[in-house]
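Quantities reported herein were computed from a predicted structural model and do not represent experimental measurements. When reading the values below, keep in mind they use all heavy atoms of this one structure, side chains included, and skip hydrogens, waters and symmetry mates.
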Amino acid sequence: MTVAPALLGLLQSGPRHGYDLKRAFDERFGQDKPLAYGQVYSTLARLLKNGLVEVEHEPGDGPDRKRYAITEAGVSDVAVWLATPEKPEPYLQSAMYTKVVLALLTGRDAADVLDAQRTEHLRLMRELTRRKSEGDLADQLVCDHALFHLEADLRWLELTAARLDDLATSVRG
Amino acid sequence: MTTSPPAASASTHPAPADPGTTPGGALLAAHDLHLAFGPTTALASASLEVHPGEVLALMGPSGSGKSTLLHCLAGILRPDSGRVTYGGRDLTAMSDVERSALRRSEFGFVFQFGQLVPELTCAENVALPLRLAGVGRRDALGTAREWLTRLEVPDVADKRPGQTSGGQGQRVAVARALVTRPRVVFADEPTGALDSLNGERVMQMFVAAARDTGAAVVLVTHEARVAAYSDREAVVRDGRVREQVRA
Amino acid sequence: MSASTPPRSSWAADLALGARMSVGGGRSGWARLALIAIGVGVGVAMLLIVASLPSVVDARTERTDARSIGSGVVEEQGDNTLLTQIVRSGFRDLGVEGRLLQAEGVRVPLPPGVDRALAPGEIVLSPALQRLMDSPDGEAIRGRWGDTVVGTIGPEGLAGPGELTFYLGTDDLDEETATRINAFGNPDEQGGGLGPELLLLGLVGLAVMIVPLASFIATAVRFGGEARDRRLAALRLVGADVGTTRRIAAGETLVGAAAGIAVGGLLLLVAQHVLPPLVPPALTFYPEDLRPAPVLAALVVIGVPVASVLVTLSAMRRVVVEPLGVVRRSEVTRRRLWWRILLPVAGAALLHPLIGGMDDDSSGDQAMVTAGVVLLLVGVALLLPWAVDAVVGRLGRGGVAWELAVRRLQLESGAAVRAITAIVVSVAGLIAIQGTFGAIQAEAEGDGELQGSVFQAKVIDTRSGAVGQEWVDGLTGTPGVRDVVTSTFTLAHVETDPDQLIGVEVGPCSVLTHETGITDCAEGDVIVVATEGAELPTPGTTYVLGEPGSGGGTWELPGDARSATLGEFHLYLSGLPSTIYVTPTALGGADVAEGYESVLVALDPDVPDAVDRLRTTAADVEMLAYVADAEQGSLTGVLGTARQALLAGTIALLVVVGASLLVNVAEQLRERRRPFAVLLAFGTRRRTLGLSVLWQVAIPVAVGITLAIVTGTALSVVLQGGLSAPIGIDWWAIGLISGGAALVVLLVTAASLPLLAGLTRSQGLQSE
C-alpha cells in the first residue's frame with residue numbers, strides 16, 4: 001500500500017488541509033482512480049495515531065479547518081520508505097496460465113483463449129497509448145509503466161502460443 | 001480487363017461479385033497467398049484486407065511470414081499463387097513498370113534501416129520519389145524540406161544519412177514515405193533499430209502524419225508496444241493470417 | 001484497362017540523378033569516384049597513346065622524308081648541286097647514320113635543320129650524338145668523323161630527339177661513290193615497308209595492347225559495384241522501375257567515364273614529356289608528335305563512355321536489383337565450360353592458314369589470323385573465371401590466412417578474376433609475341449656468320465678492287481684489334497657454260513673456317529659449300545674467274561676438294577647455289593680479276609668498346625665502309641627496332657597491370673573493411689590478414705598465368721609455324737614475363753598492406 005507514504009511525502013513540502021492533500025494526490029498519482037475522502041481521512045488518522053503527522057488547528061470553525069503537518073518521525077519514515085526497494089513481483093500465480101491449462105484439459109481450443117487475451121491486452125494498450133500521446137510527461141511515464149507490463153504479458157502469450165503443442169502433450173501426458 | 005486472375009484463385013473464392021473489386025470496401029487485399037522460398041514455406045494461404053486510412057499491425061513471431069506478406073501486399077514479391085488486389089486492380093498481374101509506378105505514387109515504405117540512399121542528402125532522399133515521378137528538382141526539394149520540418153528534423157536536410165542519428169534517419173524515412181501523399185504506407189519494424197524513447201517518438205510522428213494524410217499503414221512489428229499504435233492487429237503464424245479483428 | 005500510368009521522370013532527370021549520386025557519399029564516395037577516374041584515366045591515356053602512334057610515325061616520317069633524297073636527284077652538275085652519300089655506323093648497340101655532303105656550287109640546298117653550308121671536314125651533329133660524344137662513354141666514337149663540329153641539327157631535321165645522326169662536309173666524293181642532288185625531300189616510293197611477318201607481329205601486338213586495356217577499363221568502371229547495387233535497390237523501393245534504374249546507373253557511370261577521360265587527357269600531357277626520354281633512341285619522338293589522330297581520339301572519347309555504360313548495364317544484367325536488395329544470378333548457376341571454350345576454339349580455327357606457312361601477301365589470311373588471335377585472347381579472358389572456379393573449388397585446407405582467402409574466393413571470385421583478366425590476356429599475348437620473335441631472332445642470329453668465331457667484326461667496303469692491304473695497314477695497331485685478315489670474293493663460271501655461275505672465295509684458313517664452319521683446314525685446301533639439295537660441282541671442272549667478260553684467269557677444281565653444308569641464310573646473301581672456298585696456295589696464282597675484298601677483324605674482348613674504336617679507325621681509312629660486329633649484325637634494322645618497341649610495350653603493359661591490380665585491391669579492401677575489422681576485433685593478427693590478401697591476389701594470378709602461358713605458348717608455336725621459323729619455346733620470355741607479373745603481384749600486395757593497416761586501425765567497426 002503506497003497511499004500512506006505518498007501522503008506523508010506530499011506533506012513534507014508543507015502543511016495541508018485534508019482536501020488539498022487528496023487533490024494533490026489525485027493530480028500526481030491518481031490516474032484512473034481518485035482517492036476516496038474516507039480513505040484519506042482514515043489514513044491520516046492512522047498516521048496521526050502513529051505520530052507521523054500532527055494537526056494544526058486554524059482559527060475559525062468548521063469540520064475541515066484542520067491542517068496536517070509532518071513530524072520528524074514522519075520525515076524519517078518517508079526516507080526509510082524511499083530507500084527500501086519494492087519487492088519484485090514473482091507473478092508465479094497466473095490466471096492466464098490456469099486458463100490455458102484448463103482449456104487444454106477440457107479439450108477446448110487453448111489458442112482461442114490466448115488470442116482473446118491478446119486482443120484484450122492490445123485493446124488496453126491502444127487505450128494507454130492514446131492517453132500517452134494526449135497527456136503530459138507524468139501520463140506518459142505512468143502509461144509506459146503499464147504498457148511495458150502488458151507487453152511482457154503479450155510476450156508470454158506469444159511464447160505460449162508457439163509452445164501450445166508441447167504444453168498439450170505435457171498436460172495430458 | 002486485359003489480365004485475368006489465375007483460374008485456381010478465382011475458383012477458391014465462392015461467388016465473387018466482381019473479381020476486380022474486393023468486398024467490404026477494402027483498399028488492399030491479399031487472397032489466399034502461397035509463397036515458398038525453396039523448401040521453406042513462407043506463406044500458406046494467407047488472406048488479409050487493408051481498409052482506407054486504417055493502421056493495421058501485422059504481428060507474429062520471427063519467421064512467421066509477416067514481412068513476406070507485407071512484401072507481397074506491396075507488390076515487391078510475387079506470390080506463387082493467390083492474388084493481391086489494390087483498388088480493384090490485380091497487383092500480381094502487373095508488369096514491373098506498373099508496380100514501380102505504384103510504389104512511387106501510391107505506396108510509401110519505412111523499413112528498419114538501409115532504405116535511404118547514402119550518397120544523397122536527407123532532403124534529396126525525401127525528394128527522391130517526387131523526382132522519380134517527374135517533379136522538378138526545385139519543387140521536389142521544397143516539398144521535402146516542408147516534410148522534414150513537419151517531422152521536426154529540419155536540421156538534417158543537408159546532411160547525408162550517415163551523418164544523422166538513428167531516430168533522425170527514421171524520421172527522414174517517414175518523410176520520404178509520406179512525401180508523395182501515398183494511400184498506403186508499408187512499415188517493416190520501423191523502430192527495430194531504435195531504443196524505446198526514439199522508437200516512441202518515431203511511431204507517434206509516423207502514425208500522426210499518416211492519419212493526417214489519410215494514408216493506410218501496414219505495420220509489421222513483433223513489439224506489442226509498437227503494435228499498440230495501430231487500429232487493429234492481425235497475427236501471422238506459420239504463413240497464415242491467424243486472426244483479423246475489425247476495430 | 002488499368003488507370004493511366006503515373007508520370008515518370010525524364011531520361012535527362014534520371015541521368016542527372018545518377019550523376020548526382022556518383023559525386024555524393026562524402027569521402028568514400030569521392031574515393032570511389034577517384035578510383036574509377038584513375039582507373040579509366042590510365043586506360044584512356046594508354047588508348048590515347050596507342051591512338052597517337054600513327055601521328056608519331058607520321059611526324060617522324062614527315063621529317064625523315066623532308067631530308068631524304070628522292071626527286072632531287074639530277075644527272076648534271078650545276079651551281080645548285082651537291083654530292084651526297086649515307087654513312088652507316090654504330091655505337092655499341094645503337095645505330096648511327098649520317099650523310100656526307102659535298103657542295104658543287106654556291107647555291108647548294110641545305111638539309112632541314114642545318115642552317116649553313118658545310119666546308120669539307122665540318123660536321124653538324126644531332127643533339128643526342130653531341131651529348132654522346134661529350135659524355136665519358138663516348139670516347140670510342142669521339143672524332144670518328146673529325147673534330148670540326150660547327151653546330152647541331154635542328155628538330156625539323158631529325159626523326160626524333162634521340163636520333164644519332166650527323167652531316168659531314170667532304171670533298172672525297174665523286175659521281176661513282178655518291179648521288180648528285182639539287183634538293184632535299186620528296187622521297188622515293190616508300191621502300192623497306194614491313195614484311196608480312198612484322199606486319200603480323202604488329203597486328204598481334206596491337207591486339208595484345210587493346211584487349212587488356214579494354215578489360216582494364218571495364219574493370220575500373222565496375223569499381224564500387226556492390227555499393228551501387230545496394231543504392232539502386234533503395235531506388236527500386238521508392239518506385240524506380242528497371243529502366244529508370246538502368247538510366248540512373250548509366251548516369252553514374254558516365255560521370256566516372258567523363259572524369260576518366262579528363263584524367264586520361266592529363267596523363268597524355270604528362271606522357272608527352274615523360275615518355276620521349278624513355279623510348280629507345282631509334283624510336284624517339286618530340287612531345288608535340290604524341291597527339292592522338294583526331295578520328296581515333298574521337299573514337300576513344302565517345303567509345304569509352306559508351307562502352308562503360310554497356311559494361312555497367314551488362315554487369316547489371318547478371319544481378320537482379322529488386323526493391324529488397326540484390327539477387328546475384330551468378331551465385332546460383334555454376335560457371336559452365338562449354339560456351340566459354342567456343343571462342344578460343346573458334347579463334348584457333350581461324351589460325352589454320354598459319355599451319356604450313358603463310359603467303360606473303362594474302363591480306364584475307366592476315367585479317368583472319370588477326371581475328372583468330374583476338375578471339376583466342378578474348379577466349380582466354382572468358383575461360384579464366386571458369387578456371388579459377390575449378391581450381392579454387394578443389395583447394396584444400398591450410399592455415400587461417402589460406403582458408404580465409406580460399407573460402408572468400410569460393411564464395412565470390414568474380415571481382416578477383418576481373419582484376420587479373422587484363423594481366424592474363426596480356427601475358428598470353430606477350431608470350432606469343434616474344435616466343436615468335438625469339439624464334440625469328442634465333443634463326444637470324446644462328447646464321448649470322450660472325451657468331452662464335454675468332455673474328456668479331458667485318459669491314460664491308462663497297463669499293464671494288466684490291467683494297468685489302470690498305471685495310472690491313474690501316475687497322476693494325478688500333479687498340480683492341482688483334483688481327484686483320486682479308487679474303488677475296490669473286491664470281492666464276494664453268495668454262496664451257498657461262499650460265500653456270502658459282503662463287504669463289506679466296507682466303508686464309510682462318511677465314512675459311514670462320515665462314516664455312518669446318519674445323520680442320522690447312523693451306524692448300526679447297527672446300528665446296530652448297531645449299532642443301534643443290535648439286536655439287538664436279539671435280540675437274542674448269543672455271544673462268546671473275547664476272548663474265550671481265551677477263552679473269554681459269555682454274556680447275558681439284559679432285560681433293562672437300563664439301564660442307566651451310567645454312568640457307570648465308571648463301572641467300574650471295575644468291576648463289578654454291579661457293580668454293582679456296583686457300584691462296586690452292587689457287588695457284590690464277591688471276592681473280594675484279595674481286596670484292598672483305599676484311600675480318602679479331603678483337604680483344606678485354607678492351608672496352610673495341611668495336612667502336614675499330615669503327616672510328618675504319619672511318620679514317622674509308623668513311624663509307626661499314627663495320628658489322630657479331631653482336632649487332634642481325635639486329636640492326638627493322639628487327640632490332642621492333643624488338644625495342646616490344647620491350648617498351650611489355651613494360652608499359654606491366655605498368656598498366658600493376659596499376660590495375662593495386663586499384664583493385666584497394667577497392668576490395670575498402671568494400672571489405674568491416675569484415676576485416678571484425679576479424680581484428682576478435683584477435684586475428686594483421687599478419688594473417690595481410691597473408692590472406694596476398695593469397696587472395698596470388699591464387700587467381702597463379703591460375704591466370706598458367707592459363708596464359710599455355711595459351712601464349714600454343715599461339716607462339718602456331719605463329720612460328722606460320723612464319724616458317726623453327727618451332728621453339730622461349731622459356732626465357734615465359735620466365736621473364738611470368739616473373740614480372742609475379743613481381744607486380746608482390747609489389748601490389750606490399751603496397752596495399754599500409755592501406756589494410758589504415759583501414760582496420762580505427763574506424764572499421766564504425767558504420768557510416
Check: Heavy-atom distance under 4.5 Å to chain C: side chain of B:L130, backbone, both or neither?
Finding: neither
Checklist line | Pairwise distance CD(B:E124) to CE(C:M21) - rounded to 0.5 angstrom | finding: 9.5 Å
Margin query: Given heavy-atom pairs under 4.5 angstrom as the criterion, report whether the side chain, backbone, both or neither of B:L128 touches chain C.
Written below: side chain
Next item on the list: Tell me, out of B:T121, B:D96, B:N125, B:V135, who's got the most heavy-atom pairs with chain C below 4.5 Å.
Entry: B:D96
Check: Heavy-atom count around B:R99 CZ within 6.0 Å, excluding the residue itself: above 12?
Finding: yes
Next item on the list: Enumerate by number any residue of residues 235-246 of chain C whose heavy atoms lie under 4.5 Å from heavy atoms of chain B; in the absence of such residues, state 'none'.
Entry: C:L235, C:R236, C:L237, C:V238, C:G239, C:A240, C:D241, C:V242, C:T244
Check: Of the backbone (N, CA, C, O) and the side chain (C-beta and beyond), which part of B:R176 lies under 4.5 Å from a heavy atom of chain C, both, or neither?
Finding: side chain
Notebook entry, point to check: How long is the span from the CZ atom in B:R131 to the CZ atom in C:R20, to the nearest 0.5 Å?
Noted result: 9.0 Å
Next item on the list: Under 4.5 Å, counting heavy-atom pairs only, tell me which of B:P129, B:S100, B:G108 racks up the most with chain C.
Entry: B:S100
Next item on the list: Answer with side chain, backbone, both or neither: which region of B:T180 has an atom nearer than 4.5 Å to a non-hydrogen atom of chain C?
Entry: neither
Checklist line | For chain C, which residues of residues 34-43 of chain B have heavy atoms nearer than 4.5 angstrom | finding: none
